[in-house]
Enquirer: 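Mind looking over this structure? Questions follow.
Remember, predicted model here, so these are calculated numbers, not experimental data.
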Amino acid sequence: MKLRGLYAITDSQLLAGRFLSHVEAALEGGVCLLQYRDKSDDAARRLREAEALMTLCERYGTQLIINDDAELAARLGVGVHLGQTDGPLTPARALLGRQAIIGSTCHASLELAQQAAKEGANYVAFGRFFNSVTKPGAPAASVDLLEQARAQVKLPIAVIGGITLDNAAPLVAHGADLLAVIHGLFGADSAQEVTRRARAFNALFAS
Ligand SMILES: Cc1ncc(COP(=O)(O)OP(=O)(O)O)c(N)n1
Ligand SMILES: Cc1nc(C(=O)O)sc1CCOP(=O)(O)O
Ligand SMILES: [Mg+2]
C-alpha cells in the first residue's frame, strides 16, 4: 500500500461530542492513514473508541494506526506510531507482525530516521514544522531538514506540527509523503468543512 496523502490524527479534547461524525467526515474526504491519539489512561474508553474507528476505517478502506500503545494495536490487529519514549520498534514489530504499519517519531534528526529504518519502521515522522496548538512544546524541524531527509531516507516521510491548508504545499513540494494533521483538519466547525479540508489536503498530492 502506498503511503501518500492525508494522515488524520484524532484528539479527544478537540473532538469531544463530535468524535465519530468528524472522523467519518474526514474519511469521506479521503484519508491515507488515521491515527487514534488519546493521551488519557482510560483503557476501557480507549478500547471502545479504537474499535469504533476500526469499524469506520474498514468501511472506508483506510488503515488505522494506534498512537503509543503497541498492545492495543496488537489487540485490534492494526498499526502503531511510536515516539522516542514509547518503547523500541523491534519488540513492537515482533508483536504486530510483518504486515503492520509501524511509524516512528524522529523530531528533526536524520540519525533517528536511519535508526528507525534499520529497525523496520514503515514511515518516519519529522516535526514540528509550524506552531502547534496541540503540542506547542514539540521540538522544531525545518524544510532544510526535510530536503535532506528526502535525499537520504528511503522510507515514506510524514510531517507534523501546525500544518494547515495555508502552509502545507511547500512541505509536499520538498518531499513529504504524508501530511499528519490534527487541528488543521478537525478544528473545523462542521463535518462538511472537515470533508472539504480533507479533499483539499489530498489535492496537494495530485500534481
Ligand atoms: C505521525 C506522527 N508523528 C509524530 C507523532 C508524535 O509522537 P510522540 O513524539 O510520541 O508524541 P505523542 O503524539 O505521543 O504525544 C505522532 N503521534 N504521529
Ligand atoms: C502530536 C504531535 N507531534 C508533533 C511532533 O512534532 O512530533 S507535533 C504534534 C501535534 C500535531 O497537531 P497539530 O496538527 O494540531 O499541530
Ligand atoms: Mg507517543
Side-chain angles (χ1 to χ4, degrees), residues 2-39 53 56-57 60 62-65 67-68 81 83 103-109 113 123-150 153 155-207:
K2 200 167 162 66
L3 298 183
R4 192 164 164 80
L6 174 62
Y7 186 169
I9 304 182
T10 68
D11 178 290
S12 301
Q13 273 90 52
L14 183 63
L15 290 172
R18 52 189 189 177
F19 184 71
L20 290 180
S21 57
H22 265 34
V23 169
E24 182 158 15
L27 295 175
E28 193 67 45
V31 171
C32 179
L33 297 178
L34 176 72
Q35 183 184 123
Y36 176 55
R37 180 174 182 273
D38 176 285
K39 303 301 283 186
L53 291 185
L56 270 185
C57 282
Y60 284 87
T62 298
Q63 299 271 346
L64 180 62
I65 306 290
N67 188 43
D68 293 341
H81 182 92
S104 174
T105 296
C106 299
H107 301 298
S109 166
Y123 70 83
V124 290
F126 295 104
R128 85 190 137 82
F129 281 88
F130 304 103
N131 292 333
S132 169
V133 182
T134 309
K135 199 162 180 179
S142 67
V143 166
D144 281 356
L145 173 275
L146 175 58
E147 265 190 357
Q148 291 175 50
R150 185 67 291 161
V153 179
L155 291 175
I157 293 175
V159 291
I160 190 166
I163 296 173
T164 67
L165 283 169
D166 291 332
N167 61 28
L171 300 178
V172 177
H174 286 90
D177 297 293
L178 292 161
L179 294 170
V181 188
I182 301 178
H183 213 273
L185 177 68
F186 290 122
D189 283 338
S190 70
Q192 289 86 342
E193 174 62 8
V194 173
T195 303
R196 186 195 73 79
R197 291 184 188 185
R199 288 203 178 107
F201 276 117
N202 284 304
L204 297 173
F205 293 90
S207 53

Enquirer: Enter the distance from L15:CG to L185:CG here, rounded to the nearest 0.5 Å.
Expert: 8.5 Å
Enquirer: Side chains of L146 and F129: closer than 4.5 Å at any heavy-atom pair?
Expert: yes
Enquirer: Can you tell me how far the CZ atom of F126 sits from the OG atom of S109, to the nearest 0.5 Å?
Expert: 7.5 Å
Enquirer: Does R150 pair with E147 as a salt bridge, N-O distance under 4.0 Å?
Expert: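 No, this pair does not count.
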Enquirer: Mark yes or no for whether D177, through its side chain, and R4, through its backbone, hold a donor-acceptor pair below 3.5 Å.
Expert: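 Not confirmed, D177 side chain does not pair with R4 backbone.
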Enquirer: Measuring from S12:OG to Y36:OH, what's the distance to the nearest 0.5 Å?
Expert: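 Result: 5.0 Å between the selected atoms.
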Enquirer: Looking at every heavy atom in both A113 and V153, which two are closest together, and how far apart are they?
Expert: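 Taking every non-hydrogen atom into account, CB-CG2, 4.0 Å.
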Enquirer: If only atom types and distance count, is the side chain of N202 paired as donor or acceptor with the main-chain N or O of L6 below 3.5 Å?
Expert: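 Yes, the answer is positive, given that a donor and an acceptor are paired below the 3.5 Å cut-off.
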Enquirer: Do you know which two heavy atoms are closest between L165 and A200, and how far apart they sit?
Expert: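 The pair with the smallest heavy-atom distance is CD2-CB, 3.5 Å.
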Enquirer: Might you point out which heavy atoms bring A188 and R18 nearest each other, and give the distance in Å?
Expert: O-NH1, 3.4 Å
Enquirer: Determine whether N67 and K39 satisfy the following criterion, side-chain contact (heavy atoms from CB on, under 4.5 Å), listing intermediate values before the conclusion.
Expert: CA-CA 9 Å; N67 188 43; K39 303 301 283 186; 3.9 Å; yes
Enquirer: Restricting to non-hydrogen atoms, name the atom on A140 and the atom on A108 that form the minimum distance, rounded to 0.1 Å.
Expert: O-CB, 3.6 Å
Enquirer: List the steps and the verdict of side-chain contact (heavy atoms from CB on, under 4.5 Å) for I160 and K135.
Expert: CA-CA 10 Å; I160 190 166; K135 199 162 180 179; over 6 Å; no
Enquirer: Using every non-hydrogen atom in the two residues, find where H22 and F186 come nearest and quote the distance to one decimal.
Expert: O-CE2, 3.4 Å
Enquirer: Quick one: does T105's side chain have a donor or acceptor within less than 3.5 Å of a partner on A125's backbone?
Expert: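 Answer holds: no.
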Enquirer: So, do I182 and R37 sit near enough that their side-chain heavy atoms are less than 4.5 Å apart?
Expert: yes
Enquirer: Of all heavy-atom pairs between C32 and T62, which one has the smallest distance, and what is that distance?
Expert: O-CG2, 3.8 Å
Enquirer: When H183 is tested against each of I9, I163, T134 for side chain to side chain contact (heavy atoms under 4.5 Å, CB included), which residue passes?
Expert: T134
Enquirer: Run the numbers on T10 and D38 for side-chain contact (heavy atoms from CB on, under 4.5 Å), then give the verdict.
Expert: CA-CA 7 Å; T10 68; D38 176 285; 5.9 Å; no
Enquirer: Mark yes or no for whether R128, through its side chain, and G162, through its backbone, hold a donor-acceptor pair below 3.5 Å.
Expert: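 No, the answer is negative, given that no donor and acceptor are paired below the 3.5 Å cut-off.
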Enquirer: Output the distance between atom CD (E28) and atom OG (S21), rounded to the nearest 0.5 Å.
Expert: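 Those atoms lie 12.5 Å apart.
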Enquirer: For the residue pair F201 and V181, establish whether any side-chain heavy-atom pair is separated by less than 4.5 Å.
Expert: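 Yes. Closest side-chain heavy atoms under 4.5 Å.
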Enquirer: What distance separates L53 CG from L20 CG, expressed to the nearest 0.5 Å?
Expert: 6.5 Å
Enquirer: One pair to check against side-chain contact (heavy atoms from CB on, under 4.5 Å): L171 and F130. What are the steps and the verdict?
Expert: CA-CA 11 Å; L171 300 178; F130 304 103; 3.7 Å; yes
